[in-house]
Structure formats: structure tokens, C-alpha cells
Chemist: 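Before we start, here is the structure in question, set down as C-alpha cells.
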Amino acid sequence: MKPRVRFAPSPTGYLHIGGARTALFNWLYARHTGGTFVLRIEDTDAARNTHEAVDVILNGLRWLGLHWDEGPLTSDATGPGKGDRGPYFQSQRKENYDRRVEALLSHGLAYEHQGAIKFKMQRAPVLIPDLVVGDVLRKLTDREEVDPDFVIVRSDGQPVFHFVNVVDDLEMGITHVIRGEDHLSNTAKHIALFRAFGVEPPKYAHIPLILNADGSKMSKRDRGASLTTYLDEGFLPEAVNNYLCLLGWSPKDNVEKLSLAEVVERFDLPQILRHNAKFDFEKLVWLQGEYCRELAPDRFYELGVHAFAKAGVDTNTFDTNYVKAALDTCRGKIKTFAELPAYAGFYFRDEITYDPEAAKKSFVPENKPRVEKLRAAFAKLATFDATSIEATLKATATELGIKVGVLIHPTRLAVTGNPNGPSLYHLLEVMGKEKTQARIERALQTSFS
RNA sequence: GACCCUAUCGUCUAGCGGUUAGGACAUCGCCCUUUCACGGCGACGGCACGGGUUCGAUUCCCGUUAGGGUCGCCA
């Protein structure tokens, strides 16, 4: 029988990066085994259950490319879904829960208590066989020694998480529960519930948690906790996926960068690590840079335009070929698209401000005649392309008996305002002779001291 | 308070009784270079502690410490 796994988030308004990894590991296992990946929305908390909150989950998974075989197609709980084990929203499954509660009640396995319904939990320790952690013998805590029974239906009629989670896993035919280790202790309750329904529980695989760099629990407001952050900061889903795979799982052969397809081939449950991992933003940025550098020109262009738009720069007012050429000089230079507006904003803005420190170094009196000479040499150029610009600049430096850098730094600063950036020869070609000369002229007039 | 999980460079990890403890990110040098980035070379840096078991422990067992998780009419 092919495995059936599920990702069962509750719509809280954001998708936690740890949740994203849980989804990823479930997806990887399904793809590795040829099984089925189910998405189920645990929206029993009506107060938080909004379309927007569900869309955050749906869009997050879609962005990562973790497509589900069964589950909702839209954020509408009563809307369409795919798969024949639905509904895939818990808010639509009340009859199932009612029926299961009745069954427990009629068998004397649950009882009413102060308006709520409690499950008769076994008093003996529960053995939890876990594919990642191994066999865990869960004993009762001191509180549970007093009363091991737990509420499965609140006095307002709402069934609680432990109960609905088990009922759904049972009825949806889930064979492997892959989830965060924060659920390990409670698995005893789930196993007891499955047995009460007369079935064997699924296999469990509790994966380690992702912690902050300082080792504390990663919660909503912590940097990088929300998947949306990566979308907003111009990360690539392939980089995020790759990095997430490396947290708690290892390809074991000193390979760091690998595609999801490669991971699908190698991934399996027993090799998942047992200890928590701290989130290393720097390493993610490194991977991001690796993927960013390899980006095809048209995708780089598309994402670049988007990044500028987000920064309030409308590149549509410029000629498409100009924008494409401009962005092309940035390929291989930046790591995240969030850097782009600062890195290459000079292409799309007339007023440029000079980096003060660089200006102090480059816009000095002895450089003025040198830059003037360069501008005069540029003036004679019939073709203003990278090759002739380079040749002219080098020839001028030779005539002046100086290193090329002495001309390059003030010129770059005059044209871009920045001490660093894309290849100078190429960016000047993109800017064009007219703008280049105007900017050099302006710097000469106003800024050399 | 009780119960559960975990412990290799700062971080992610390889290791599964005998290794000069390997790789990657980060950091620091040098090289390349029009800046930055890339790339190349090198350096720094680790088996939490204490007992066992064993001819021999990073590796197996116990304890301590530390970190994380759970014990809800939250999910």
C-alpha cells in the first residue's frame, strides 16, 4: 500500500517556516515513495478562520512548489477540492466527529463531565514507535497520574484538536504522520484514541524543530519565522527549499546545493536527524546567491522588475530593452532581489547622491583634470559600447601615467553615486553616451573639491 | 513540579569501537580582478562534563549539566 501523508496546518494568518519544512518533508516522503500528499485545513477555531489566513497557506505551499494531491483548491471551506476523502476543512466535518463521539460514548470509552466529553485514557505508559526517534515509552506526568482523562469535546460542543486530528487521520487513511517534535508527548493520546476506535495507529515520524539562532523557540515575530518574509525579501523558492532540506536532514556526501528532484530521490524518514536545528540566515543567503547567480536572464528580468516595483520604482516608464540591459549587468552580482533597488537604482533615477566617503576619496582636485580628459576622450567615441569604453579608459590612463582604477572610481561615483556596482564599462554602455557625459559633467562642476 | 526528546567547530552537518575527526556557511589572510561579487589557495575553530564497558571510546551504557518539547474545554 502506498503511503498517504498529510500536512494539516491551522489558518493562523501566517505560515511558520517550521511548518513549511514539515510540509516539505511530508511532500518529499510522498514523492519519494510514490505516495499521496494530502493538505487538510484545521480550521476548528472559527475566530481565526478567514479566507486570507487560508490563502497564506495555499499560496505559501504553491510558491514553494509543494503541490498537494488531495485537498482544497481555494480558501473557501465549502468550495471545490480534489480527492475523494474530503471535506478537507475540519469546519466541514462535524458529522464525522459527532458520529465518532457517539461511538466512544456508546462503548463506554468516553463520558460526559460538566457539559464536556472526556476520553477515558489508559493509565499505563504508552509505547510510541517513532521512525525518527525510535521507541518512546511515554509515562504519565504527575498531573496525569491524578486524572489521565482528557477533554475531546468542549462544553460548547466543539471537538478539540487531539480528537479531530485523530478522526481525520483515520478517515483519510493517513499511513504516516510526519510532524514536529512538539507533538511527540501528545502522541500517546492519539495512539490511545486510535485503539479506542479499534484500529492500529499510523506510523509516526517526529521531526526536530527549527530554533532561533540563539536557541530559543521561533515564534511569530522572530526574524525569518514567516514564509512570507522570503517572498517579500526577494528570495527564490528553490533556495528556501534547499536550505530547509539541510535542516534536520543530510545528503551525507558533502553536497550542499541540490535540487528538490535530487532530494526526492535520496530522502527517507530514518535518516532524519533527532536534534533541533538553529536557523542560520547567512547560510540561506549564501544558497540564495548560488541560485540567483544561475538565474536565466528572463526570470532575472521578471523578478528584478518586481523588486523595483516594490521599492516604488516603475521601470515600465523606461524602454524595455534598456531595462533588460540594465538588469543584465546585475546578474551574478546580487544575492537577493531586495538589494537591487539600492544596487542599480541609478539606472532609473536622474538625481543621484554621491556616497560621502567615496566622494572624499575620489572627487579630489588632482582627479579633476584626469576625469576631464576622460570625458573629452569619450566625446570622440562614435560607438559607445563596453569594448570601446574600456579601450578609451585604458588608453587615457596610460597617457596620464596612472592606473585605471584612478579613473574608474571617480567615474563610477559620478555616474552611479555608489562606490561599487556592476561592471563600469557595461553599465556606461547601458546608460548611453549622453547620460554618461552629463553625469560626469555634473560631478566635475559641483563635487570636486 | 512531572514526563518526553536532544547534545561533533559560532552555525548546519559527515562519522555509526581504532580517522591527522571530513565538508559547508560565517570569520580572517593571500591570489585573481575596473568596484562589488564570483573563483582559487590557506588559516582559525569542535566531540558539554563525570563515571563505567572495552586492549581501545566522538561512537555503547549510566549519571550530571545544558537546551528544546509536553502535561489546556489552544491548535
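Throughout, a chain's letter reflects where its sequence line sits, starting with A, and its residues are numbered from 1.
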Chemist: Are A:Phe161 and A:His183, when compared by the centres of their aromatic rings, separated by less than 6.0 Å?
Modeler: yes
Chemist: Give a yes or no on whether the ring-centroid distance for A:Phe150 and A:Phe163 is below 6.0 angstrom.
Modeler: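 Judged by ring-centre distance (under 6.0 Å), A:Phe150 and A:Phe163 do not meet the cut-off.
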Chemist: P atom, B:U6 versus B:C44: distance in rounded Å?
Modeler: 34 Å
Chemist: Can you tell me, in whole Å, how much space there is between the P of B:G15 and that of B:C5?
Modeler: 22 Å
Chemist: Rounding to an integer number of angstrom, what distance separates B:C3 and B:G45 when you compare their P atoms?
Modeler: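 Comparing P positions in B:C3 and B:G45 gives a spacing of 42 Å.
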Chemist: Spell out protein contact along nucleotides 29-41 of chain B as letters: B when the base is contacted, S when just the sugar-phosphate is, - when no protein heavy atom is under 4.0 Å; keep the 5' to 3' order.
Modeler: -----BBBSSS--
Chemist: For the C1' atoms, the ones on B:U64 and on B:G72, what distance do you get once it is rounded to whole angstrom?
Modeler: 33 Å
Chemist: Watson-Crick or G-U wobble partner for B:C32, using a 3.5 Å limit on both distances?
Modeler: none
Chemist: Using whole Å, report how far NZ of A:Lys189 lies from P of B:A75.
Modeler: 12 Å
Chemist: Between B:A26 and B:G39, how far is it from one P atom to the other, in whole Å?
Modeler: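 Here B:A26 and B:G39 have their P atoms 9 Å from each other.
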Chemist: Could you identify the nucleotide paired to B:U20, looking across every strand shown and requiring Watson-Crick or G-U wobble geometry with both distances under 3.5 Å?
Modeler: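 By the stated definition (distances under 3.5 Å), nothing pairs with B:U20.
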Chemist: Can you see whether A:Ser259 engages A:Glu262 through a side-chain donor-acceptor pair at a distance of less than 3.5 angstrom?
Modeler: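 Short answer, yes.
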Chemist: Is the closest side-chain heavy-atom distance between A:Leu24 and A:Leu64 below 4.5 Å?
Modeler: no
Chemist: Go along nucleotides 2-16 of chain B 5' to 3' and tag each nucleotide: B for a protein heavy atom under 4.0 Å from its base, S when only backbone or sugar atoms are that close, - otherwise.
Modeler: BSSSSS---BBSSS-
Chemist: Can you tell me how far C1' of B:G69 sits from CZ of A:Arg179, to the nearest Å?
Modeler: 13 Å
Chemist: B:C73, OP1 or OP2 - any side-chain N/O from A:Ser155 closer than 4.0 Å?
Modeler: no
Chemist: Are A:Tyr347 and A:Thr329 close enough that a side-chain donor and a side-chain acceptor fall under 3.5 Å?
Modeler: yes
Chemist: In whole Å, measure the gap between the C1' atoms of B:A14 and B:U8 for me.
Modeler: 10 Å
Chemist: Tell me what A:Lys257 touches on the nucleic acid: a base, only sugar-phosphate, or nothing, going by heavy atoms under 4.0 Å.
Modeler: nothing
Chemist: With ring centroids as reference points, do A:His306 and A:Phe337 lie under 6.0 angstrom apart?
Modeler: no
Chemist: In whole angstrom, give the distance that lies between atom OH of A:Tyr111 and atom C1' of B:C73.
Modeler: 13 Å
Chemist: Sticking with atom C1', work out how far B:A24 lies from B:G46, rounded to a whole angstrom.
Modeler: 15 Å
Chemist: Please give the distance between the C1' atoms of B:G17 and B:U54 as a whole number of Å.
Modeler: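 Nearest-Å result for B:G17 against B:U54 at atom C1': 9 Å.
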Chemist: Assert yes or no for the condition that the ring centre distance of A:Phe378 to A:Phe384 is strictly below 6.0 Å.
Modeler: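 Yes, close enough.
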Chemist: Verify whether one side chain among A:Asn420 and A:Tyr343 offers a donor that lies under 3.5 Å from an acceptor in the other.
Modeler: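 A:Asn420 vs A:Tyr343: no donor-acceptor pair found between side chains.
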Chemist: Please say which of A:Arg274, A:Arg179, A:Glu181 ends up in a side-chain hydrogen bond (donor to acceptor under 3.5 Å, both in side chains) with A:His206.
Modeler: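 Per the side-chain hydrogen bond (donor to acceptor under 3.5 Å, both in side chains) rule, the option paired with A:His206 is A:Arg179, out of A:Arg274, A:Arg179, A:Glu181.
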Chemist: Are A:Phe279 and A:Tyr243 an aromatic pair by the rule of ring centers under 6.0 Å?
Modeler: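 So the answer is yes for these two rings.
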